[in-house]
Protein chains: 2
Amino acid sequence: MSTGTDAPATAPEGYDAGDYPPFGVTVDLAIFTVRDGALKVLLVERSADPYEGAWALPGGFVGVDEDIDDAAWRELAEETGLTRTDWHLEQLRTYGTPGRDPRMRVVSVAHVAFAPDLPDPQAGSDARCARWWAVDDLDLPGLRGGDHDSDVDGAPTLAFDHARILAAAFDRVAAKIEYTSLATAFCPPTFTLGELQHVYEAVWGVRLDRSNFRRWVQQTTGLVRPAPTDEVRPPQGRGRPAALFEARTEGVRTLHPPLLRPADARALRADRSAR
Amino acid sequence: MSTGTDAPATAPEGYDAGDYPPFGVTVDLAIFTVRDGALKVLLVERSADPYEGAWALPGGFVGVDEDIDDAAWRELAEETGLTRTDWHLEQLRTYGTPGRDPRMRVVSVAHVAFAPDLPDPQAGSDARCARWWAVDDLDLPGLRGGDHDSDVDGAPTLAFDHARILAAAFDRVAAKIEYTSLATAFCPPTFTLGELQHVYEAVWGVRLDRSNFRRWVQQTTGLVRPAPTDEVRPPQGRGRPAALFEARTEGVRTLHPPLLRPADARALRADRSAR
DNA sequence: ACAAAAGTGTTAGGTATACACCCATGC
DNA sequence: GCATGGGTGTATACCTAACACTTTTGT
């Protein structure tokens with residue numbers, strides 16, 4: 001490594017504690033789910049000092065001997081009340097602008113999690129108030145044609161730089177279901193093709209052609225497979241019972257071909273597409 | 001934020017120095033260029049303690065009052081000897097596994113930079129040895145059909161977890177030129193369509209059909225535009241002089257349609273495609 | 001019977017792939 | 001002339017988008 005910045009001189013080799021600027025390192029989680037036909041994200045209400053009353057992404061400090069990924073999984077378990085499952089959790093980006101936390105220099109490694117619909121109002125492990133917010137009800141920079149200033153009715157105030165993180169997180173989700181099997185991560189263990197289509201429609205905010213969607217799913221290797229038993233789902237309301245499917249594997253798969261979202265759904269995020 | 005891990009108890013609010021585990025935060029850079037028909041990356045040879053003699057990504061500590069992005073740009077300038085240009089530099093991922101640096105707990109924010117072909121042997125600002133390495137000559141996990149154990153002839157030893165970072169960085173580059181205009185970032189200010197095609201071929205390790213590539217470039221909005229003067233490039237060796245083009249904008253643009261790499265070029269990275 | 005959702009099929013238009021062919025230059 | 005790279009065209013296979021139609025359930 002080369003020499004660092006000027007302020008606290010860092011020796012290229014043989015450095016030890018005290019030689020380097022100390023940082024706090026945290027993980028922040030954008031946990032998404034699809035529920036009631038909308039994409040939602042879990043936020044917690046702050047009960048203390050900076051940004052009191054504002055809503056923030058769940059998160060916390062990384063332990064000295066803890067891997068960053070482990071810290072993210074730990075926070076996910078704490079916030080949702082569920083133990084480490086087969087959910088998908090991935091790094092999003094690291095945010096470390098000086099002053100983003102008024103108290104001290106904190107670098108936050110933001111993550112994105114894909115969760116199926118959970119038993120409704122999981123109270124956070126610590127007594128703070130936590131709830132799902134529809135992404136459309138948030139006031140995020142450059143989202144869904146958002147003007148960012150045109151405050152959505154009842155949009156919560158977001159703490160720190162979490163509006164920025166959320167915008168990037170949403171972007172990631174919308175892009176990722178195009179070319180990976182992650183849309184199934186929003187579904188229960190078995191699901192109908194209609195339910196899977198609803199995931200795409202909720203995330204992208206568009207309507208898809210049922211027939212074409214069905215053809216795409218079935219010709220796309222590695223996305224779904226018929227549920228082991230040939231049972232069907234008794235219809236929720238009216239309509240013919242639907243065949244049940246399950247995700248093809250636990251992990252993430254790259255899809256061939258991808259399902260590209262319609263151009264009009266993509267245009268809304270064009271200005272932020274330059275990572 | 002919720003409560004942190006056990007070791008150094010972190011107060012959810014009102015914490016201050018000493019309450020949190022101290023981390024060193026660095027930036028590491030994977031600076032790519034295309035030269036001699038191959039994708040190359042800039043590495044520096046370590047002259048000291050851990051991993052002495054091994055090759056590492058250029059990088060260094062982030063200053064206390066320095067933004068992470070600024071630190072990355074600073075390192076880029078130091079390593080290439082050029083001031084902040086219009087190059088493309090983006091965050092890749094953060095690596096923070098305990099023990100990745102044997103000396104202390106360091107969290108590294110890895111970046112990827114796209115550079116045009118530079119005046120050849122830029123000596124690093126500090127006297128260490130720096131050179132371009134062809135990606136194909138490196139022994140990276142799961143790359144180009146790599147077995148990772150089948151050591152490439154003359155493959156350098158890579159320091160820390162930099163082999164892993166490089167694999168992810170290469171992956172990002174290969175994916176990014178599919179759907180953004182970033183291939184032009186490897187080209188000089190004006191370039192021929194043949195040169196642009198060579199970029200794609202070098203990065204993906206495939207041959208493309210000249211005719212189809214040309215049609216794609218020209219029908220794709222926002223990629224290239226004819227150079228202001230209608231000059232041509234005198235042929236390097238033999239052949240007809242070629243028309244010159246320039247990148248359409250400074251920034252990054254999402255391409256419609258994208259240029260998807262052939263399936264066989266994608267298969268080589270399939271196992272790593274699950275982020 | 002009717003509405004709603006599942007499932008099947010068909011067709012027109014566009015895009016990609018693999019070529020074939022001519023042009024301009026250096027050797 | 002001939003090799004090399006630039007530039008243009010075309011035909012086929014394939015994929016996509018749009019829409020029509022049938023089936024099965026609840027009310």
Side-chain angles (χ1 to χ4, degrees), chain A residues 36-37 178-179 187 190-202 204 206-221 223-227 230-246 255-267, chain B residues 34 36-37 178-179 187 190-202 204 206-221 223-227 230-246 255-266:
Chain A
D36 306 327
E178 281 190 305
Y179 58 93
C187 295
T190 67
F191 50 87
T192 69
L193 295 189
E195 289 166 346
L196 184 60
Q197 181 176 344
H198 288 331
V199 168
Y200 280 92
E201 293 177 332
W204 289 344
V206 295
R207 301 283 298 175
L208 300 178
D209 183 275
R210 216 162 27 83
S211 178
N212 296 330
F213 179 80
R214 167 177 292 270
R215 175 180 15 263
W216 171 77
V217 168
Q218 299 196 333
Q219 80 170 20
T220 296
T221 63
L223 182 52
V224 302
R225 129 185 79 200
D230 277 348
E231 54 185 343
V232 291
R233 163 142 324 167
Q236 322 292 45
R238 274 189 285 212
R240 176 172 167 175
L244 283 174
F245 294 83
E246 64 182 13
L255 299 182
H256 307 288
L259 179 60
L260 301 176
R261 75 195 107 157
D264 53 314
R266 185 186 298 272
Chain B
V34 172
D36 307 326
E178 281 190 304
Y179 58 93
C187 295
T190 67
F191 50 87
T192 69
L193 295 189
E195 290 167 346
L196 184 60
Q197 181 176 343
H198 289 330
V199 168
Y200 281 91
E201 293 178 332
W204 290 344
V206 295
R207 301 283 298 176
L208 300 178
D209 183 275
R210 214 160 30 82
S211 176
N212 295 332
F213 179 80
R214 168 178 291 270
R215 174 181 15 264
W216 170 76
V217 168
Q218 299 196 332
Q219 80 170 21
T220 297
T221 62
L223 182 52
V224 303
R225 130 183 77 199
D230 278 348
E231 55 185 342
V232 291
R233 164 144 322 167
Q236 321 291 45
R238 275 189 283 214
R240 174 173 167 174
L244 284 174
F245 294 83
E246 63 181 14
L255 299 182
H256 307 288
L259 179 59
L260 301 176
R261 74 195 108 159
D264 53 314
R266 186 185 300 271

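Keep in mind that what you see is a predicted model, and the values were worked out from it rather than measured. Order of the sequence lines fixes the chain letters, A, B, ..., with proteins taken first and strands second; residue numbering starts at 1 for each chain.
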Next on the checklist: I'd like to know if the side chain of E201(A) and the backbone of L208(A) have a donor-acceptor N/O pair within less than 3.5 Å.
Outcome noted: yes
Between protein and nucleotides 10-12 of chain C, what N or O pairs are separated by less than 3.5 Å?
{"unit_1": "dT10(C)", "atom_1": "O4", "unit_2": "R215(A)", "atom_2": "NH2", "d": "3.4"}

Checklist outcome for this item: In whole angstroms, the gap separating C1' of dT16(D) from NE2 of H256(B) amounts to 17 Å
Item to check | Pair Q218(A)-L193(A), side-chain contact (heavy atoms from CB on, under 4.5 Å): steps then yes or no | outcome: CA-CA 10 Å; Q218(A) 299 196 333; L193(A) 295 189; 3.8 Å; yes
Next on the checklist: Could you report the tightest heavy-atom contact between W216(B) and P257(B), atom names first, then the distance?
Outcome noted: NE1-O, 3.1 Å
Checklist entry - Roughly how far, to the nearest 0.5 Å, is CG of D209(B) from CZ of R214(B)? => result 11.0 Å
Could you go through nucleotides 4-7 of chain D and list every protein N or O atom that sits under 3.5 Å from one of its N or O atoms, giving the distance for each pair?
{"unit_1": "dT4(D)", "atom_1": "O2", "unit_2": "G239(B)", "atom_2": "N", "d": "3.4"}
{"unit_1": "dG6(D)", "atom_1": "N7", "unit_2": "R210(B)", "atom_2": "NH1", "d": "3.1"}
{"unit_1": "dG6(D)", "atom_1": "N2", "unit_2": "R240(B)", "atom_2": "NH1", "d": "3.4"}
{"unit_1": "dG7(D)", "atom_1": "OP1", "unit_2": "A243(B)", "atom_2": "N", "d": "2.8"}
{"unit_1": "dG7(D)", "atom_1": "OP2", "unit_2": "R214(B)", "atom_2": "NH2", "d": "2.6"}
{"unit_1": "dG7(D)", "atom_1": "N7", "unit_2": "R210(B)", "atom_2": "NH1", "d": "2.7"}
{"unit_1": "dG7(D)", "atom_1": "O6", "unit_2": "R210(B)", "atom_2": "NH2", "d": "3.1"}

Next on the checklist: Just to be sure I understand the rule, does Q197(A) reach a base, reach only the sugar-phosphate, or reach nothing, if contact means heavy atoms closer than 4.0 Å?
Outcome noted: nothing
Checklist entry - What do the steps show when you test V217(A) against Y200(A) for side-chain contact (heavy atoms from CB on, under 4.5 Å), and what is the final call? => result CA-CA 12 Å; V217(A) 168; Y200(A) 280 92; over 6 Å; no
Checklist entry - Over how many whole Å does the gap from R261(A) atom CZ to dT16(D) atom P extend? => result 17 Å
Checklist entry - Rounded to the Å, how far apart are L244(A) CG and dG7(C) C1'? => result 15 Å
Item to check | Donor-acceptor contact below 3.5 Å, side chain E178(A) vs main chain R261(A) | outcome: yes
Checklist entry - Between L260(A) and Y179(B), is a side-chain contact (heavy atoms from CB on, under 4.5 Å) present by the stated rule, with each step listed? => result CA-CA 12 Å; L260(A) 301 176; Y179(B) 58 93; over 6 Å; no
Checklist entry - How close or far is atom P of dA18(D) from atom CH2 of W216(A), stated in whole angstroms? => result 17 Å
Item to check | Gap between atoms CG and P, on L260(B) and dT15(C) respectively (whole Å) | outcome: 14 Å
Item to check | Verdict with supporting geometry, L196(A) and F213(A), side-chain contact (heavy atoms from CB on, under 4.5 Å) | outcome: CA-CA 10 Å; L196(A) 184 60; F213(A) 179 80; 3.9 Å; yes
Checklist entry - Toward the 5' end of DNA chain C, which comes first, Q219(B) or D209(B), by nearest nucleotide? => result Q219(B)
